[in-house]
Amino acid sequence: MSTVESRLATPLRTRRRAPLAALRDRAEQAASVLPPLLIAAERVAVTVAQGVHGRRRVGQGETFWQFRQYQPGDAASRIDWRESAKSQRLYVRETEWEAAQSVWLWRDASSSMDYSSAEYLTGAEWPTKRDRAELLVVALACLLVRGGERFTLLGSGIAPMNGRIALSRVVEMLDRNREADSLPAFEPLPRAGQLVLIGDFLSPLEVVNSAVARFAAAGLKGHMLQVSDPAEEDLPFDGRIRFAGVEELDEVVISRVEGIRSDYSARFKSHREGLAAIAGAVDWSFGFHRTDRPPHLALLALFAALSADHRR
């Protein structure tokens, strides 16, 4: 190739690559602006989003959902004459069941959620319970956005919204609300709404039952997800260990931890079974998740429980 041809070819190649490079630059800039929590949650949600669908269904509401062909038994007042005039068939205008779309999300922001045993165990890498709970809350919100659902953070005082603005609001509210009680405070919510409660639920069972029963008595459906650290289940320590309380600030010194491991595990299991019984008594779902396990597994189970409850 001659020198002249080379000089002419170079700008052409540059012009072809420039738009792609500009797009990559914009994508990188956008990613740098987004909160890290939202970026991580989107990645988890993407792994679950394939094959799942929105939870919308027909019902009483104002938002248009779809047209369907008229069927015997449908009220004549439901016929959409403008749509029907376009063809030889009658069509009914259906709306969404808006009340059942509203989801209130909550995560435990108490001090016990800041615990992670990874810093005490060699080679361990897993987040605090708080970090995992917030990741699951935002990832679930991402899935709700995809399904066109309305949601908000319980206790925020903000009405449920949909779309990306609702997602951004949830992330902002999580960042502002860094301290709270171990269980959600009761607040009156519309009947047929749904609650998603994510925490370690280490409070006494009677206290947990009181909080859950009050929401259930108000006509709300709920889903509880217990997030636990591996050490809270397995008690992997050996020898003389001093355990310091996170919320009550008590200290306990145990000379041989391995000697109580079996009894401890049985008590932890009994507490979890008690939580499941509390949820089952009011027809709520209950699940559990360890921070050393992939988050998308818990997210998939939680979204499936939401969808199943919505179809009832």
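Under the side-chain hydrogen bond (donor to acceptor under 3.5 Å, both in side chains) criterion, D292 pairs with R290, not counting sequence neighbours. Every salt bridge (Lys or Arg N to Asp or Glu O under 4.0 Å) that D238 has, sequence neighbours left out, goes to R261. Remark: F215 pairs with F186 by the ring-ring contact (aromatic ring centres under 6.0 Å, His included) rule, at least two apart or across chains. T122 is linked by a side-chain contact (heavy atoms from CB on, under 4.5 Å) to nothing, counting only residues two or more places apart in sequence or in another chain. Annotation: side-chain hydrogen bond (donor to acceptor under 3.5 Å, both in side chains) contacts of D181 (sequence neighbours excluded): none. Here E172 pairs with nothing under the salt bridge (Lys or Arg N to Asp or Glu O under 4.0 Å) rule; sequence neighbours left out. By the salt bridge (Lys or Arg N to Asp or Glu O under 4.0 Å) test, R130 is found to be paired with D114, residues two or more places apart in sequence or in another chain being considered. Every residue meeting the side-chain contact (heavy atoms from CB on, under 4.5 Å) condition with A166, not counting sequence neighbours, appears here in chain and number order: F151, M161. Under the salt bridge (Lys or Arg N to Asp or Glu O under 4.0 Å) criterion, E258 pairs with R256, sequence neighbours left out.
Evaluation of the side chain to side chain donor-acceptor pair (under 3.5 Å) test over residues 265-280, restricted to residues two or more places apart or in two chains, returns Q226-R272, S228-R272, E233-R272. The ring-ring contact (aromatic ring centres under 6.0 Å, His included) contacts involving residues 125-148 comprise nothing, where partners must be two or more places apart or lie in separate chains. Residue pairs meeting the side chain to side chain donor-acceptor pair (under 3.5 Å) criterion with at least one partner in residues 155-170, sequence neighbours excluded, are E42-R164, T152-S156.
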Quiz item: Could you walk me through whether R107 and M113 pass the side chain to side chain contact (heavy atoms under 4.5 Å, CB included) check?
Solution: CA-CA 10 Å; R107 63 87 172 88; M113 295 293 288; over 6 Å; no

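Side-chain atoms of S182 and D108 form no donor-acceptor pair, as typed in the model, at a separation below 3.5 Å.
Counting heavy atoms from C-beta on, the side chains of H289 and L225 come closer than 4.5 Å.
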